[in-house]
Amino acid sequence: MLRYVANRLFWFVPTLLAMAAITFVIMSATPGSPFDPGGANQISEDAIRQLEEKYGLDKPVYQRFGIYVWNAVRGDFGISYANRPQTVESIIGRTFPKSLELGLWATLFAVVVGVSLGVLAAVNQNGALDYASVTVAILFYSMPNFVMAFLLILLFAVYLPNQGINLGFSIGGWDAPIDRVLPTIALGAAPLATLARYTRSSMIDVIRSDYVRTARAKGLAERGVILKHVLKNALIPVITLVGPIFAAVGTGSFFVEQVFNVPGMGKFFVTSMQSQDQTMILAVVLIYGVFLAAMNLIVDLVYGMIDPRIRY
Amino acid sequence: MAQGSASQPRDRPLDVADRSVLGEAAPFPQRVAEAPVSGMAALGHARELAGRRQRSLWGDAWRRLLKNKLAVIGLVIVAVFVVLAALAPILAPYSQSEVVDFRLTRQHPSWTWPFGLDANGRDVFSRMLYGARVSLVVGVLSQGIVLLIGVPIGAIAGYYGGMTDNLLMRAVDVIYAIPQLLLVLLFVNWWGPGLTNIFLAIGLVGWVTETRLVRGQVLQLREQEYVNASRVAGANGLQIMLRHLLPNSMTPIIVALTFGIPTAIFTEAALSFVGVGIRPPTASWGQMVGEGSKAGYVQTDPHMLLFPVLAIGLTMLGFTFLGDGLRDALDPKAND
């Protein structure tokens, strides 16, 4: 077990290095300078060159990459070029918790509603409830979250209030607790659908297995069979999905945050790219990479704990 | 699935016993080449005698697809989308950059302008038709690139295995670990906005999924009897890949492409939404969403936002339904 974890952790390193390297190479091939403000208030070429020199951007790519990695290992991710003199850590430290909070809500929403829908569908296989939940799942599944976000806004913050039904939803913000509801649904809808589909098919597989027939044959109540025997085993494959879902959702969906004006990390996806804020982009890429890898590792370990057939 | 077959022995060289059983190797390929043709002909003849209609794999799949309600809905949506996109210049009452009346900005839907006018007084309906063209072009061309890069690399990695496989798949893993949208953004930021750069970027980022899929298929298939037989008959790696491995991986590739197109369409919409995609005045759904979602417009003029959002949503829905249906219809293990 420890050996397995150590091995997996060891492979983190080259993967993260390669991810950073790819980003680094593309960023340095991109024309322009992070210190060129563009638009009206131009600063002189000289000033730009001085700033680049100050932040070490005049050095060749491989040297800069080396310096970056060396600093990053020691926990120094540099200064955000576009938001001088703020450091990347301070910006991430301020915005990441908000993305994480939204991500947690969305994951929670997706797991609770998705798994329940899947279970209900499987228990009533081919019944009305099954069709209803499958339909909801496929609708949610095919909608990109930003389409979902706008539809929710148009319905709950524009159409219904215009009809005199004001439920208190606004078109964006992150102050009142109710502001979390629509972004959570928009972000959680697609993973909810995925979870519902997986839960349903996994449940149906287990319901048909021999030991469930045995459990029924020995006279257990249906409720007991489903809760004790089916659910426990059927959820094993479902758990593997929660990790990647949380990783994807927790690092901030740019669109949902943009649409609902959430002050999270997601917005740096595009704004740092446009302003060539290399240190910021690298941080976003690396956070995503670490997050995803960590989630996958945790999922594999949890998997080993709940499924006695798996040994590392 | 892929891991399971990876543990099987690879490219087992033929031992002497095998060769002696087969006898002389030279005349064998010709016989193999002829045999299936006459065999099939005989089979077809037998079927005709039995009075049964001949069924092909594709015919079967098509019938199964038409039986699936959701798939038919998807097919219709996709067909309407393609026709509207193709005929945009004929169907659209105005050109995409034409200002109908600069005094009538953000006019709400009416009989004259069914989807209303936008902030510049342009016809939203006409712009959406032209926007469909952009979506279609991006969807199809980006998947063309995905095919051209993803399939050969997946086939090579799966067929040759060993070091080649390891190197290629580690590279794929790294690209896969970076959020795809972020990578597309990096590329578009590097090359600048515009239609060509967008589908190139989406293609160059998206091939990794296809590669993994094709590799998995090839890993399974290459241990099959008929592949061994073909190898014995003297076919080289390229011939085996083109004649046996790829044709037999066709159905998952088709399904993946059906799901790849909407993803690409969405990516373009997303890029144009944040202003790094299609440059105005060329219309794109994402760009229209971006304009319609500006703070001042959402509450007062929701039509500018609603129609392009619905168009993107419907297109996604259509392709997903079709993709799901195709996956079921093309499954050779499914029966009617």
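Just so it is clear: chains get the letters A, B, ... in the order the sequence lines come, proteins before strands, and each one is counted from 1.
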### Task
Evaluate side-chain contact (heavy atoms from CB on, under 4.5 Å) for Phe146(A) paired with Val309(B), printing each intermediate quantity in order.
CA-CA 9 Å; Phe146(A) 104 123; Val309(B) 163; over 6 Å; no

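- Between Val174(B) and Met19(A), the shortest heavy-atom distance links the atoms CG1-N, 3.9 Å.
- Using a 4.5 Å cut-off between heavy atoms, Ile153(A) touches chain B through its side chain atoms alone.
- Most heavy-atom pairs under 4.5 Å with chain A: of the set Thr320(B), Leu306(B), Leu182(B), Leu314(B), this distinction falls to Leu182(B).
- Residue with the most contacts toward chain A among Asp324(B), Leu310(B), Leu183(B): Asp324(B) (heavy-atom pairs, distance under 4.5 Å).
- Residue contact with chain A, scored on non-hydrogen atoms closer than 4.5 Å, involves the backbone and the side chain of Ala270(B) alike.
- With a 4.5 Å cut-off on non-hydrogen atoms, Ala157(A) touches chain B through its backbone but not through its side chain.
- Remark: Ser142(A) OG to Phe266(B) CZ distance equals 12.5 Å, nearest 0.5 Å.
- Neither the backbone nor the side chain of Tyr159(A) comes within contact range of chain B; no heavy atom of the residue lies under 4.5 Å from a heavy atom of that chain.
- For the atom pair Met143(A) CE and Leu317(B) CG, the distance stands at 4.5 Å (nearest 0.5 Å).
- Contact count against chain A (heavy-atom pairs under 4.5 Å) is highest for Asn189(B) among Ile175(B), Asp173(B), Val188(B), Asn189(B).
- Considering all non-hydrogen atoms of both residues, Gly313(B) and Val147(A) come closest at CA-CG1, 4.0 Å.
- Other residues, nucleotides and ligands contribute over 12 non-hydrogen atoms within 6.0 Å of the OH atom of Tyr68(A).
- Put simply, OH on Tyr176(B) and OG1 on Thr15(A) are 14.5 Å apart, with the number rounded to the nearest 0.5 Å.
- Between atom CG of residue Leu185(B) and atom CD1 of residue Ile26(A) there is a gap of 11.0 Å, rounded to the nearest 0.5 Å.
- No other option in Gln258(A), Arg197(A), Met148(A) has as many heavy-atom pairs under 4.5 Å with chain B as Arg197(A).
- For Tyr131(A), the OH atom sits in a loose shell: 12 or fewer heavy atoms of surrounding residues, nucleotides or ligands are nearer than 6.0 Å.
- Using a 30° and 60° split on the angle between ring planes, Phe273(B) and Phe255(A) fall in the tilted class, from 30° to 60°.
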